[in-house]
Number of protein chains: 2
Amino acid sequence: MITIYDLAKKTGFSSTTVSKALNNYPDVSKKTKQAIIDTAAEMGYLPNAHAQSLSTKKSWTIGVMFSESNGVGMKHPFFSGVIESFRKHAEKEGYDLILASRNLRNRGTSYLEHFLYRGVDGIMVICSDPKDPQVQEMINSSIPIVVIDMSNQECSVVFSDNLSGGELAINYLYSLGHTKIAHIAGDHTIYAGKIRIKGYMDAMKKRELPVRDGYLVNGGLFSIQDGALAMEKLLDLADPPTAVFVAGDHMAIGAMETAKARGYRIPEDLSIIGYDDIEMASYVTPKLTTIKQDTDQIGVRATQLLMKQIIQKKKIVTEEIIPVTLMERESCTRLIK
Amino acid sequence: MITIYDLAKKTGFSSTTVSKALNNYPDVSKKTKQAIIDTAAEMGYLPNAHAQSLSTKKSWTIGVMFSESNGVGMKHPFFSGVIESFRKHAEKEGYDLILASRNLRNRGTSYLEHFLYRGVDGIMVICSDPKDPQVQEMINSSIPIVVIDMSNQECSVVFSDNLSGGELAINYLYSLGHTKIAHIAGDHTIYAGKIRIKGYMDAMKKRELPVRDGYLVNGGLFSIQDGALAMEKLLDLADPPTAVFVAGDHMAIGAMETAKARGYRIPEDLSIIGYDDIEMASYVTPKLTTIKQDTDQIGVRATQLLMKQIIQKKKIVTEEIIPVTLMERESCTRLIK
DNA sequence: AACTTCAACGAAAGCGCTTTCGATCCAGAG
DNA sequence: CTCTGGATCGAAAGCGCTTTCGTTGAAGTT
């Protein structure tokens with residue numbers, strides 16, 4: 001490894017001047033600056049990030065944490081979509097992402113501690129559980145942070161407009177003539193799940209549609225199996241719905257599976273609308289009509305929010321709500337009386 | 001931030017002893033060791049990773065790079081599956097992953113340079129293009145590295161058994177009575193694509209099945225659209241196949257779409273088998289029969305291989321071939337004459 | 001000629017930690 | 001009572017870089 005001292009020796013300047021030249025300080029002449037840069041290139045010099053960070057207290061890294069409540073981790077399309085978008089944009093600003101582990105050598109450290117240990121400049125969290133103590137700890141610390149997919153009054157958050165998502169869905173279904181509309185909900189410990197329930201309830205009330213007994217069924221942790229199970233309950237009802245708004249695409253797909261298995265035709269006998277617009281939604285049969293979350297935009301806004309805090313060196317608390325859109329496909333149709 | 005000097009002051013020992021106590025050196029008594037650890041906990045001491053790395057030349061980080069030939073990046077289920085598995089296992093060994101960017105502040109640095117700059121202990125690469133110059137550069141360097149999804153004679157690689165994958169597929173189709181079997185291939189600049197072609201050709205030859213004109217069609221970069229296009233070509237043939245082995249699930253799904261659009265029933269009129277076993281495969285209609293790549297196992301083996309090199313401090317060149325399995329679902333059926 | 005100004009450079013301390021190499025002290029050996 | 005060896009501890013250098021502050025010399029002022 002070649003250091004600034006090597007460059008100093010070679011060029012005849014001091015290490016101070018070398019450092020300044022490399023960092024484009026004003027108090028070094030054009031000529032020596034060029035000379036130093038040239039020999040740096042020639043000798044294949046690379047700065048040492050650790051030394052730099054130690055000295056400047058800035059690491060140009062961002063810690064990324066996602067809670068894996070249901071064990072899917074990065075494999076969930078929503079997560080990987082957001083992370084990828086975030087990565088791309090953070091990269092443009094010069095930051096690397098570090099995917100942190102918790103159970104590092106020094107046992108029993110929290111994520112916050114771990115990020116502190118790593119000296120990250122900021123933290124990006126994707127978490128759906130507002131009560132997660134690990135996330136709380138990070139939010140309460142003074143480090144710049146942006147959290148995605150939940151709401152919080154004490155930090156920067158960005159999440160989809162889950163409320164109007166429900167409105168959109170119900171409105172659409174209603175416009176197709178449906179009135180017996182059920183909701184397969186995400187667990188209410190999960191922020192998005194809770195709000196989507198509210199969206200559903202509000203929209204139903206607004207149109208004076210009754211939420212019949214059993215029409216609000218908990219679909220658990222958003223998995224395909226959960227959705228399948230929930231649909232069973234719905235179809236077991238004495239007076240089953242003609243349309244169902246499902247809080248997640250995976251669940252919706254599971255729901256379609258059981259409906260089909262039970263002989264229902266979709267959408268003729270039962271309209272289904274999902275939430276997320278994962279890639280799969282476009283390729284199941286029938287193609288799933290759904291509420292699209294804009295993972296790209298979420299990543300973009302999250303980056304901006306975090307950068308702002310890092311630069312200003314102060315936390316800013318704000319809510320960034322990303323609009324959702326209705327993706328009209330094939331799983332819903334006009335109610336035939 | 002509180003340092004070992006603060007601990008030294010508080011406990012009355014030297015910083016040397018504090019450091020030794022924290023690192024469990026043998027030449028510090030049980031009693032003082034405990035005292036130091038206690039006050040460290042009490043004062044909320046956290047080591048500084050940058051200082052540590054600077055001093056020890058070990059960063060406990062692994063650089064991760066994936067080539068985004070087709071722009072999907074981490075969003076592709078295979079990538080995110082492997083990365084997630086790798087992360088989990090590297091974490092157990094005490095390593096954090098750093099997702100690197102190339103165009104950092106210092107413009108025009110390569111990935112290798114960037115990883116060197118970051119001082120990673122090793123590199124994990126997911127790349128399908130054996131010719132990628134960036135990857136070559138890394139392989140040729142002396143840093144521990146493991147590359148996934150391609151073959152190479154000069155480093156540790158782990159990839160699926162693409163050859164027997166083809167064999168498996170053709171064998172299965174053949175056992176169902178098919179002889180007119182086509183192949184929608186991945187571009188041959190992509191390692192997996194190339195080998196799967198070979199697997200197809202070998203298996204066909206082995207059974208003395210003719211590869212008719214136009215039966216080997218290039219599906220490009222593994223996208224759904226690519227697959228759809230390729231299937232058009234196949235169905236335009238004067239003597240179209242009765243079964244097709246597709247080099248990737250996305251392509252297979254695209255292929256199914258056009259086949260269905262053209263009025264073919266699957267599997268009655270046309271059997272289709274894919275490659276990957278992405279989640280979606282189980283939920284399209286009909287459920288896609290496919291060759292499953294074991295992303296978990298790939299991640300596990302990659303971690304092990306990399307750890308080994310890091311510990312032994314020397315590159316080891318070896319090939320780890322992960323078995324694939326046939327996932328029999330609904331998109332293939334016995335040929336009805 | 002004496003003085004101010006400014007551009008260009010360098011000495012040195014500091015960032016927080018590790019590690020080598022002594023130094024010290026005391027128990028037990030001779 | 002002296003010597004040896006082992007157990008504990010610390011001084012100091014070093015990792016590679018940044019940054020403050022001072023120094024130098026030449027150009028410009030009066």
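No hydrogens, no waters, no symmetry mates; every other heavy atom, side chains included, goes into these values. As the structure is a computational prediction, the values presented were derived from the model and not from experiment. Below, chains carry the letters A, B, ... as their sequence lines are ordered, and counting in each starts from 1.
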Please tell me which of the listed nucleotides, [options], lies nearest to the side chain of [X]?
X       : options                : answer
B:Thr16 : C:dG16, C:dC9, D:dA11  : D:dA11
A:Asn48 : D:dC17, C:dC15, C:dC17 : D:dC17
B:Ser19 : C:dT18, C:dC17, D:dG16 : C:dT18
A:Tyr45 : D:dC17, D:dC15, D:dT18 : D:dC17
A:Tyr5  : C:dG16, D:dC17, C:dC9  : D:dC17

*Is B:Lys88 salt-bridged to B:Glu91, going by a charged N under 4.0 Å from an acidic O?*
no
Check whether any side-chain N or O of [X] sits under 4.0 Å from OP1 or OP2 of [N], and answer yes or no.
X       : N      : answer
B:Gln52 : C:dG16 : no
A:Thr32 : C:dC9  : yes
A:Lys57 : D:dT18 : no
B:Thr17 : D:dC9  : no
B:Ser29 : D:dT8  : no

*How are the rings of A:Tyr117 and A:His114 set to each other: parallel, tilted or perpendicular (split at 30° and 60°)?*
tilted
*Would you call the rings of B:Phe159 and B:Tyr191 parallel, tilted or perpendicular if under 30° counts as parallel and over 60° as perpendicular?*
perpendicular
Rounded distance in Å - [atom1] ([X]) to [atom2] ([N]):
X       : N      : atom1 : atom2 : value
A:Lys20 : D:dT18 : NZ    : C1'   : 10 Å
B:His50 : C:dT18 : NE2   : P     : 14 Å
B:Leu54 : D:dC17 : CG    : P     : 9 Å
B:Leu22 : C:dG16 : CG    : C1'   : 12 Å
A:Asp6  : D:dC15 : CG    : C1'   : 13 Å
A:Ile36 : D:dT18 : CD1   : C1'   : 15 Å
A:Asn23 : D:dG16 : CG    : P     : 17 Å
A:Phe13 : D:dT24 : CZ    : P     : 18 Å

*What distance separates B:Thr39 OG1 from B:Leu7 CG, expressed to the nearest 0.5 Å?*
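Between atom OG1 of B:Thr39 and atom CG of B:Leu7 there are 5.0 Å.
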*Is any N or O donor-acceptor pair between the side chain of B:Tyr25 and the base of D:dC9 shorter than 3.5 Å?*
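It does not, because no donor-acceptor pair links the side chain of B:Tyr25 to the base of D:dC9 below 3.5 Å.
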*asked:* Whether the A:Gln34 and A:Asp38 side chains hold a donor-acceptor pair (N or O, under 3.5 Å, no angle test) is what I'd like checked.
replied: yes
*Given that B:Ala51 and B:Pro26 both sit by DNA chain D, which one's nearest nucleotide is further toward the 5' end?*
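So the residue in question is B:Pro26.
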*Measure the shortest side-chain to side-chain distance between B:Val125 and B:Ile145 over non-hydrogen atoms and say whether it is less than 4.5 angstrom.*
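Yes. Closest side-chain heavy atoms under 4.5 Å.
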*Select base, sugar-phosphate, or nothing to describe what B:Gly119 touches, counting heavy atoms under 4.0 Å on all strands.*
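Counting heavy atoms under 4.0 Å across all strands, no contact is made by B:Gly119.
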*Looking at every strand, decide which applies to B:Thr56 at a 4.0 Å heavy-atom threshold: base, sugar-phosphate, or nothing.*
sugar-phosphate
